[in-house]
Amino acid sequence: MQITTSLIDHANSNVPSVLASMTKGGLNAATKSLAIEYAKKGVRVNAVAPGVMKTPMHAPETHDFKAKLHPVDVWEKFKTSSTRSCFWKTLPFVTGEILHVDGGQSAGH
């Protein structure tokens, strides 16, 4: 299981993302490659791509702006989003997928 970001496929001019694109983009590619390479061995490889998450790293004065980056206008806490990773255990036929948990940020692209 990889943790990546929705910014890879859907860059936003309001959010600097070149470093994320370079590093997390490689994880996206590796997720798909590893899924194919290990599928016959019963190993599944997937990723979760969260949008901007509410963490102590973000200054309180930026919270309103960051919430508006998501179409649902809600800013999810990382702890809540990270529990989504348990979702994969219930889907034994899914591999090579990147689940966007980004409040619809990637839906319009």
Side-chain angles (χ1 to χ4, degrees):
M1 161 82 93
Q2 315 280 3
I3 303 292
T4 182
T5 178
S6 290
L7 286 172
I8 302 310
D9 298 319
H10 311 290
N12 183 329
S13 61
N14 295 316
V15 180
S17 61
V18 70
L19 291 177
S21 294
M22 290 171 35
T23 57
K24 300 296 188 174
L27 285 178
N28 283 8
T31 297
K32 293 175 183 262
S33 293
L34 288 169
I36 296 301
E37 288 177 35
Y38 288 94
K40 289 189 177 174
K41 295 180 181 181
V43 176
R44 296 178 301 128
V45 183
N46 295 295
V48 174
V52 179
M53 295 288 133
K54 193 174 207 173
T55 68
M57 175 181 84
H58 298 99
E61 59 271 11
T62 67
H63 289 188
D64 289 338
F65 167 76
K66 292 186 186 302
K68 300 276 185 223
L69 293 172
H70 304 110
V72 296
D73 200 21
V74 174
W75 201 20
E76 189 172 38
K77 293 180 180 177
F78 182 75
K79 184 176 181 183
T80 306
S81 178
S82 63
T83 60
R84 308 270 190 260
S85 61
C86 296
F87 170 74
W88 297 117
K89 293 179 184 177
T90 64
L91 302 170
F93 198 63
V94 176
T95 191
E97 290 300 320
I98 298 166
L99 174 65
H100 292 273
V101 182
D102 61 7
Q105 198 174 1
S106 60
H109 299 277

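The basis for the numbers below is simple: all heavy atoms, side chains too, and nothing from hydrogens, waters or symmetry mates.
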For this session: Could you give me the CA-CA distance, side-chain angles and deciding distance for T4 and I98, then say whether side-chain contact (heavy atoms from CB on, under 4.5 Å) is met?
Result: CA-CA 8 Å; T4 182; I98 298 166; 4.0 Å; yes

Problem set entry | hydrophobic_cluster_shared for V43 and L34, side chain cutoff 4.5 Å | yes

Exercise. When rounded to the nearest 0.5 angstrom, what is the spacing between CG in L27 and CE in M22?
Worked result: 12.5 Å

For this session: State the CG-OG1 distance between N28 and T5, to the nearest 0.5 angstrom.
Result: 9.0 Å

For this session: Considering non-hydrogen atoms only, spot the tightest contact between A35 and V45 and give its length.
Result: CB-O, 3.8 Å

For this session: Answer yes or no: is there a donor N or O on one side and an acceptor on the other, between the side chain of K24 and the main chain of I3, under 3.5 Å?
Result: yes

Problem set entry | In one Ile/Leu/Val/Met/Phe/Trp/Tyr side-chain cluster, 4.5 Å: V101, V94 | yes

Exercise. Hydrophobic cluster mates of I8, side-chain heavy atoms under 4.5 angstrom, ILVMFWY only, any path?
Worked result: none

For this session: Would you name the heavy atoms of V48 and P50 that are closest together and state the gap between them?
Result: O-CD, 3.3 Å

Problem set entry | Closest non-hydrogen atom pair, S6 against H100 | OG-ND1, 3.0 Å

